[in-house]
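First the structure, in the form of structure tokens, and then the observations on it.
Chain naming here is simple, since letters A, B, ... match the order of the sequence lines and numbering starts at 1 in each. The model shown is predicted, which means the values in this text are computed figures rather than measured ones.
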Amino acid sequence: MPEASVSSNFIRDAVRADLADGRFTKVITRFPPEPNGYLHIGHAKAICIDFGIAQEFGGTCNLRFDDTNPSKEEQEYIDAIQENVRWLGFDWGARLYFASDYFDQMYRWAIQLIKAGKAYVDDQTAEQIRIKRGTLTEPGTPSPYRNRSIEENLSLFERMQAGDLPDGSRVLRAKIDMASPNLNMRDPVMYRIMAVPHHRTGDIWKIYPMYDWAHGLEDSIEEISHSLCSLEFEDHRPLYDWFLDELGIHHPRQIEFARLELNYTIMSKRKLLQMVEIKKVSGWDDPRLPTLAGLRRRGFTPESIRDFCERIGVAKANSMVDYALLEHCLREDLNKRVPRSMAVLRQLKVVLTNYPEGQVEELDADINPENLSSGKRKVPFSRELWIEQDDFREDPPKKFFRLAPGREVRLKYAYYITCNEVVKNPQTGEITELHCTYDPATRGGWSQDGRKVKGTSHWISTAHCCPAEFRLYDRLFTIPNPDEGNGFLSNLNPDSLQKISGYIEAGLSNAPAGNQCQFERQGYFCADPDSRPGAMVFNRSVSLKDSWAKIEGN
RNA sequence: UGGGGCGUCGUCAAGCGGUAAGACACAGGUCUUUGGAACCUGUAUUCGGAGGUUCGAAUCCUCCCGCCCCAGCCA
């Protein structure tokens, strides 16, 4: 129970109040993505809120694709979104809906509004409509077509859908108030002519509904109680309410909350798409991306993401959450459940001069010291080992507890070793290997005489390990808010991906993609789908906290 | 200079007239066969500012300041 005391939030309060005073008797929410891109962690927040509120109040949540603009939507996105929501851990049961399934009903309702004198066909161009809309401080001016007869509107609207009017030549508009201080109420467009085949309805429709017109109807048809959306739709709520009131149909309550912003990354679908298209990243599932597909490939767990969404809360203030919180949630989740292993990323050879040639010992190592019931594994030990370059310093600085000439450290689960000689390449001066001696009396990594060693290194037997590629990720952008300066593309971090070759325990040489582990003292990793037997690829999901790096950095 | 929102610790965020939760981050410390984890301690006399109401205000009122959103036939 990580969250003993879950804070309230204004949405919970509102829903509770609506149930208490009878405004609604059951809670039905919906997650309404447009299938024009992949889901990202910002959507995860919305999903957790939409499904979470429903669960909390014993209601249901629909998955509904808001597919009202076929020019931008694709089946690939529909499939990916469903997979991502399911992966995140939410179930919409049989309640998979599509706005496009409601096009007929919407059309009939449009005719109802026309007949009520509340909607009209406008012949003005997009440009003219824009100009006549007025400005923030000046009212708009009515279209010359605003007072057409109902009969003419009806016939024109039918012709729009019949396909004998060119794209963009006419729109259907709601007749509300061209002088409204809320621009959304200045006769908003309800339908545009777009002779584009739809991924689900084919070429039946020549006109497609606009968001403002469609969304409330979709909610109403599904008898949604609470339509939860992000802040920028607050201005649209009067219009949402207007359509529903004019039609006299079921009227959900729209409540807006602040979107999630995460520092050092970008959340705009448009910008994510752009990075995918110009190949700044390998695809929608590039592990550096905040997409759910990317986070998944990177090694984030659904549990950690849900925990994150719970911790960030829900409010109406625009805010930017620290990426460190997301990382914290992942570490906390993985620490308890993931097996440990040893891997050397940047190898330095150690030769134990007093260890018998050809001898191999099978040493016991904990699979997960946080959960001893997970048992032990055997790790082969021999005369030649790899250790991490960072675990040796020829000239150790203060507070450096690791190996150095004349020093003794522990090889985890193995023996204490002492460094006696540093072997260098005579040409370059580069350290090629270390000659050390081991203390046979310290088998397992502890000594009977109570002698203490400050440092513990991980290691791997050169003869028993397997080569592997490690992909180390850093933040995708160099500054907290990538939109600052000359645009997000100018703030890309050139070092966001580093590929290095090292060694892993043989037991991991056939790990399936997605397999997660902690490489001791390094971080949490997961096998990438690019892996092949004998040529494993591991993504570093998140490093372990490194207080030595912090000491040394300052 | 129109309308709609928002301003509580470095970052999120509770608080709903009774005297500032929690989390992350940060800083110390204990412990440790991961310089990990765990555990302890510290960190807003103050809630954008100024007035006012009240025995009492982050919470109510007034004015001011700052930030975000809206002029797509996108969602």
Looking at [Y] and [X], is there a salt bridge between them, counting it only when a charged N and a carboxylate O are closer than 4.0 Å?
{"X": "A/Asp364", "Y": "A/Lys378", "result": "yes"}
{"X": "A/Arg311", "Y": "A/Glu332", "result": "yes"}
{"X": "A/Glu388", "Y": "A/Arg402", "result": "no"}
{"X": "A/Asp391", "Y": "A/Arg521", "result": "yes"}

Distances for protein N/O vs nucleotides 38-43 of chain B N/O pairs under 3.5 angstrom?
none

Query raised in the report: Of all the choices, B/A23, B/C6, B/G15, which nucleotide is nearest to the side chain of A/Leu325 once you look at every atom?
Result: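 In terms of side-chain proximity for A/Leu325, the closest of B/A23, B/C6, B/G15 is B/A23.
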Query raised in the report: In terms of side-chain heavy atoms of A/Ala317, which of B/G7, B/G2, B/G5 is nearest?
Result: B/G7
Between [N] and [M], how far is it from one [atom1] atom to the other, in whole Å?
{"N": "B/C40", "M": "B/G5", "atom1": "P", "result": "43 Å"}
{"N": "B/G42", "M": "B/C55", "atom1": "P", "result": "37 Å"}
{"N": "B/G29", "M": "B/C65", "atom1": "C1'", "result": "43 Å"}
{"N": "B/C6", "M": "B/G48", "atom1": "P", "result": "13 Å"}

Quick one: [X] [atom1] to [N] [atom2], roughly how many Å, whole number?
{"X": "A/Met342", "N": "B/U34", "atom1": "CE", "atom2": "P", "result": "12 Å"}
{"X": "A/Leu172", "N": "B/G72", "atom1": "CG", "atom2": "P", "result": "19 Å"}
{"X": "A/Glu232", "N": "B/C69", "atom1": "CD", "atom2": "P", "result": "10 Å"}
{"X": "A/His458", "N": "B/U34", "atom1": "NE2", "atom2": "C1'", "result": "10 Å"}
{"X": "A/Asp307", "N": "B/A23", "atom1": "CG", "atom2": "C1'", "result": "10 Å"}
{"X": "A/Lys132", "N": "B/C73", "atom1": "NZ", "atom2": "C1'", "result": "16 Å"}
{"X": "A/Lys206", "N": "B/C73", "atom1": "NZ", "atom2": "C1'", "result": "18 Å"}
{"X": "A/Glu388", "N": "B/G36", "atom1": "CD", "atom2": "C1'", "result": "15 Å"}

Report task. Please tell me which of A/Pro181 and A/Thr442 maps to the more 5' nucleotide of RNA chain B, matching each residue to the nucleotide holding its nearest heavy atom. Result ->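 Result of the comparison: A/Pro181.
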Query raised in the report: Of A/Pro369 and A/Glu138, whose closest RNA chain B nucleotide lies nearer the 5' terminus?
Result: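 By nearest-heavy-atom nucleotide position, the 5'-most residue is A/Glu138.
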Give a yes/no answer on whether the side chain of [X] brings an N or O atom under 4.0 Å of OP1 or OP2 in [N].
{"X": "A/Ser319", "N": "B/A13", "value": "yes"}
{"X": "A/Arg133", "N": "B/C73", "value": "yes"}
{"X": "A/Arg192", "N": "B/G72", "value": "no"}
{"X": "A/Lys550", "N": "B/C26", "value": "yes"}
{"X": "A/Ser71", "N": "B/C74", "value": "no"}
{"X": "A/Lys545", "N": "B/A25", "value": "yes"}
{"X": "A/Arg237", "N": "B/C69", "value": "no"}

Which part of the nucleic acid does [X] contact within heavy-atom distance under 4.0 Å: base, sugar-phosphate only, or nothing?
{"X": "A/Asp212", "value": "nothing"}
{"X": "A/Ser457", "value": "nothing"}
{"X": "A/Ala315", "value": "sugar-phosphate"}

Using both distances under 3.5 Å as the test, list the Watson-Crick or G-U wobble partner of [N], or none.
{"N": "B/C26", "value": "B/G42"}
{"N": "B/G18", "value": "B/C55"}
{"N": "B/C6", "value": "B/G66"}
{"N": "B/G36", "value": "none"}

Query raised in the report: Ignoring hydrogens and angles, does a donor from either the side chain of A/Gln518 or the base of B/U34 sit under 3.5 Å from an acceptor on the other?
Result: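 Counting by modelled atom types and ignoring angles, a donor-acceptor contact under 3.5 Å is found here.
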Query raised in the report: What about A/Asn182, does its side chain sit under 3.5 Å from the base of B/G4 through a donor-acceptor pair?
Result: no
Report task. Mark yes or no: A/Arg410 above the aromatic ring of A/Tyr416, with NZ or CZ under 6.0 Å from the six-membered ring centre and no more than 45 degrees from the axis. Result ->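 A/Arg410 over A/Tyr416 ring: no.
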Query raised in the report: Between the side chains of A/Tyr264 and A/Asn481, is a donor N or O closer than 3.5 angstrom to an acceptor N or O?
Result: no
Query raised in the report: For A/Pro440, which residues count as a side chain to side chain contact (heavy atoms under 4.5 Å, CB included) partner, sequence neighbours excluded?
Result: A/Tyr438
Query raised in the report: In chain order, what residues pass the salt bridge (Lys or Arg N to Asp or Glu O under 4.0 Å) check against A/Glu127, with sequence neighbours excluded?
Result: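 Salt bridge (Lys or Arg N to Asp or Glu O under 4.0 Å) list for A/Glu127, sorted by chain: A/Arg130.
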Query raised in the report: Do the ring planes of A/Phe519 and A/Phe525 sit parallel (below 30°), tilted (30 to 60°) or perpendicular (above 60°)?
Result: tilted
Query - Base orientation of B/G72, syn vs anti, 90° cut from 0 - result: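 It is syn.
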**Report entry** Result of checking A/Arg451, A/Lys454, A/Lys452 against A/Glu408 for salt bridge (charged side-chain N to carboxylate O under 4.0 Å, His left out)
**Finding:**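 Single pass found, and it is A/Arg451.
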